[in-house]
Amino acid sequence: MVLPKPGHYVVAVSGGVDSMVLLDILRKSADLSLTAAHLDHGIRDDSAEDRKLVEFVSGTLRVPIVCLAANLGPKTSEAEAREARYDFLHKVQKDNNADGIITAHHQDDVIETAILNMLRGTGRKGLTSLKSDKNMIRPLLRVPKKQLVKYAKDNDIKWREDKTNSDEKYMRNFVRHNYVAKMNSAERNKMINLIE
């Protein structure tokens, strides 16, 4: 993982293991000033519990936090939720005059997205859609999810599981559970090399 250059950043924190680990790692860097940003999409009936956890942990770590309840509703598509999330993150960045936004996208996300885009027929460009740039920083892109879970357990980090992550009516979840989860290290490396 390569940390961003010194500065002030907005960190997207959902309450899931990926973003809670990212927040913990980033807050240990003396060169970084952080504002946590949490969007409660309002898709799940228990999503307010995610916000409570993120607020509690951010307070404990003395990281300022901005939360917003979007109330999108249970029939919201993944695309609509993603658009609302990025609109919110960009607003928080602007309001805080931050140097960039940091998200917890990791290696599994890269592989899932590439497979989904291949299934959609997006061509070569779709294979490389999850990248970092100076405004949207994704330091965990080479880190497998299982490594993040291990870090969380080893460091007693609390997180919440999104119950919709097990619902295979969402294509991403189907790909995650039936393809990505079954890939060994060699297969993952081949896929990452193809993507890059």
Side-chain angles (χ1 to χ4, degrees), residues 1-41 44 46-67 85 89 100-115 130-132 136-167 172-173 175-193 195-196:
M1 175 177 146
V2 179
L3 291 175
K5 66 181 183 179
H8 180 70
Y9 295 92
V10 172
V11 186
V13 186
S14 67
V17 66
D18 316 332
S19 62
M20 297 303 278
V21 165
L22 179 64
L23 180 62
D24 187 72
I25 292 169
L26 294 174
R27 62 100 182 177
K28 293 175 181 175
S29 173
D31 293 334
L32 302 178
S33 167
L34 306 172
T35 297
H38 175 80
L39 179 67
D40 179 353
H41 294 90
R44 292 180 287 113
D46 65 341
S47 61
E49 297 302 314
D50 300 351
R51 177 186 49 79
K52 289 177 187 174
L53 174 65
V54 173
E55 285 179 329
F56 174 77
V57 171
S58 297
T60 301
L61 300 177
R62 296 186 178 169
V63 174
I65 184 166
V66 178
C67 295
R85 184 167 55 253
L89 291 172
I101 297 165
I102 306 176
T103 71
H105 290 105
H106 49 78
Q107 186 183 77
D108 294 46
D109 293 322
V110 173
I111 295 170
E112 288 167 15
T113 301
I115 292 171
L130 269 184
K131 287 186 171 181
S132 283
M136 188 65 63
I137 301 153
R138 297 178 169 114
L140 302 176
L141 290 179
R142 290 192 155 269
V143 181
K145 172 122 184 180
K146 66 181 179 182
Q147 208 171 312
L148 298 175
V149 172
K150 182 180 184 318
Y151 179 99
K153 290 177 178 176
D154 289 349
N155 291 276
D156 197 30
I157 292 173
K158 306 286 185 262
W159 76 87
R160 285 187 43 83
E161 288 292 337
D162 178 344
K163 65 185 178 185
T164 64
N165 284 343
S166 60
D167 187 347
R172 179 172 292 277
N173 293 342
V175 168
R176 177 179 302 145
H177 297 295
N178 293 285
Y179 296 100
V180 180
K182 296 176 181 178
M183 294 173 81
N184 61 38
S185 295
E187 292 167 334
R188 283 171 169 269
N189 288 337
K190 281 183 185 176
M191 186 72 175
I192 291 296
N193 290 337
I195 293 166
E196 293 178 340

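FYI, the numbering just counts along the sequence from 1. As the structure is a computational prediction, the values presented were derived from the model and not from experiment.
If you take CZ on Arg138 and CD1 on Ile101, they are separated by 9.5 Å, rounding to the nearest 0.5 Å. Residue Gln147 holds its CD atom at 10.5 Å from CG of Asp154, rounded to the nearest 0.5 Å. For the atom pair CG of Asn189 and CG of Asn184, the computed distance is 9.0 Å after rounding to the nearest 0.5 Å. Residue Leu61 holds its CG atom at 9.5 Å from CG of Leu34, rounded to the nearest 0.5 Å. Rounding to the nearest 0.5 Å gives a distance of 11.5 Å between NZ of Lys182 and CD of Glu187. The NE2 atom of His105 sits 7.0 Å away from the OG1 atom of Thr113 when rounded to the nearest 0.5 Å.
Between the side chain of His8 and the backbone N or O of Ser33 there is at least one donor-acceptor pair closer than 3.5 Å. Formation of a donor-acceptor pair under 3.5 Å by the Asp109 side chain with backbone atoms of His106 is found in this model.
No more than 12 heavy-atom neighbours from other residues, nucleotides or ligands sit within 6.0 angstrom of NZ on Lys153.
Scanning all heavy atoms of the two residues, the minimum distance from Ser58 to Ala36 falls at OG-CB, 3.8 Å. Closest of all the heavy-atom pairs between Arg188 and Pro144 is NH1-CB, 4.2 Å. When all heavy atoms of Val17 and Ala152 are compared, the pair lying nearest together is CG2-CB, 3.6 Å. Residues Pro139 and Thr103 approach most closely at CD-O, 3.7 Å, considering heavy atoms. In this structure, Asp40 and Ser47 approach most closely via the heavy-atom pair OD1-OG, 2.6 Å. Nearest heavy atoms, Arg176 versus Glu112: NE-OE2, 2.9 Å.
At a threshold of 4.5 Å between non-hydrogen side-chain atoms, the residues Asp24 and Tyr151 count as touching. Annotation: side chain of Lys158 is not in contact with side chain of Met20 (no heavy-atom distance under 4.5 Å). With a 4.5 Å cut-off on side-chain heavy atoms, Asp31 and Leu3 do not count as touching. In this structure, Met191 and Val180 have side chains that are not in contact, with every pair of non-hydrogen atoms separated by 4.5 Å or more.
In this structure, Asp46 pairs ionically with Arg160, as a charged nitrogen and a carboxylate oxygen lie closer than 4.0 Å. Salt bridge annotation for Asp108-Lys146: absent, with no cationic side-chain nitrogen under 4.0 angstrom from a carboxylate oxygen. A salt bridge links Glu49 with Lys52; the closest basic N to acidic carboxylate O contact falls under 4.0 Å.
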- Hey, mind stepping through Lys5 and Ile137 against side chain to side chain contact (heavy atoms under 4.5 Å, CB included) and telling me if it holds? CA-CA 10 Å; Lys5 66 181 183 179; Ile137 301 153; over 6 Å; no
- Can you list the steps and then say if Arg142 with Val2 is a side chain to side chain contact (heavy atoms under 4.5 Å, CB included)? CA-CA 10 Å; Arg142 290 192 155 269; Val2 179; over 6 Å; no
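Tested against Leu148, the residues Leu22, Val143, Ile157 include a single side-chain contact (heavy atoms from CB on, under 4.5 Å) partner, Val143.
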